[in-house]
Amino acid sequence: MEKKGIFTKILAIVGTVLVWFPILAPILFSMVVFLRAHMFRFDYLMPAELFPSALAGGALLLWAALRARAQRKLIGWSLGAAVILLFGGQGLAVVTGLASGESEPTGWKMAIVLGTIVGYALALVAVGVGGVLLLRDLFKQSREAQV
């Protein structure tokens, strides 16, 4: 039985906001610094640093998707990929010596670790898109019921 009531909608809204926060925060902070200091600074590690927000939001979105029986695969697989890519990248940084400073942050080692961070950010965007699609599905149903 599909549950598309107010509780599911609240889960989806809060989850979507928490998932998009780590993606949008570095962009907004970069714009503020650029407008004030006329220097472009972008913290590409901030989405990884804000992982607790992304994980909490992803869990809420997955819960809402399971209740509504909509967008389960997109949200679930993307959230799983984000977690694996983030922890996999951290593990690679430790194994290659980049985390401890044992090796220089150049070459193929750095490219692989940065690739996992980019993959994590893209997977997080996919979770956020799934959240937006879930919200669309949830609120479309309530509008159709009113008409």
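The analysis underlying the following values was restricted to heavy atoms, covering all of them including side chains, and did not include hydrogens, waters or symmetry mates. In this text, all values refer to a predicted model and were calculated from it rather than measured experimentally.
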Atom CZ of Phe34 with >12 non-hydrogen neighbours under 6.0 angstrom: no
Gap between atom CZ of Arg41 and atom CZ of Phe29 - 0.5 Å precision: 14.5 Å
Shared hydrophobic cluster for Trp108 and Val118 (ILVMFWY, side-chain gaps under 4.5 Å): no
Linked, directly or transitively: Leu60 and Ile10 (ILVMFWY side chains, under 4.5 Å): yes
Only distances under 3.5 Å count here; give the side-chain donor-acceptor pairs of residues 78-95 to other protein atoms, sequence neighbours excluded, each with its distance to 0.1 Å.
| unit_1 | atom_1 | unit_2 | atom_2 | d |
| --- | --- | --- | --- | --- |
| Ser78 | OG | Leu74 | O | 2.7 |

Euclidean distance, Leu35 CG relative to His38 NE2, rounded to 0.5 Å: 8.0 Å
Heavy-atom side-chain contact between Val129 and Trp20 under 4.5 Å: yes
Nearest heavy atoms of Thr16 and Ala12, plus distance in Å: OG1-O, 2.7 Å
Shortest non-hydrogen separation from Gly58 to Val127 and the atoms involved: CA-CG1, 4.4 Å
Worked check of side chain to side chain contact (heavy atoms under 4.5 Å, CB included) between Leu124 and Phe51: CA-CA 10 Å; Leu124 206 55; Phe51 175 70; over 6 Å; no
Spacing of Met46 atom CE and Leu28 atom CG [to the nearest 0.5 Å]: 10.0 Å
Nearest-0.5 Å distance that lies between atom CH2 in Trp77 and atom CZ in Arg72: 13.5 Å
In one Ile/Leu/Val/Met/Phe/Trp/Tyr side-chain cluster, 4.5 Å: Leu24, Leu61: yes
Closest heavy-atom pair and its distance - Pro26, Pro47: CG-CD, 4.0 Å
Smallest separation among heavy atoms of Ala70 and Leu134, with atom names: O-CD1, 3.7 Å
Residue Phe7 excluded, over 12 heavy atoms near CZ under 6.0 Å: yes
Common cluster, Ile112/Leu122, ILVMFWY with side-chain heavy-atom separation under 4.5 Å: no
Under 3.5 Å: donor-acceptor pair, side chain of Thr96, backbone of Ser103: no
Residue pair Val33 / Met39: nearest heavy atoms and the distance that separates them: CG1-O, 3.6 Å
Separation between CZ of Arg67 and CG of Leu138, rounded to the nearest 0.5 Å: 10.0 Å
Check: Ala64 main-chain N/O paired with Thr8 side-chain donor or acceptor under 3.5 Å: no
Between OH on residue Tyr44 and CD1 on residue Ile117, distance to nearest 0.5 Å: 6.5 Å
Ser53 side chain vs Leu18 backbone, donor-acceptor pair below 3.5 Å: yes
Cluster overlap Tyr120 with Val125, hydrophobic side-chain contacts below 4.5 Å: yes
Contact summary for Glu49 and Asp43, nearest pair of heavy atoms: OE1-OD2, 3.6 Å
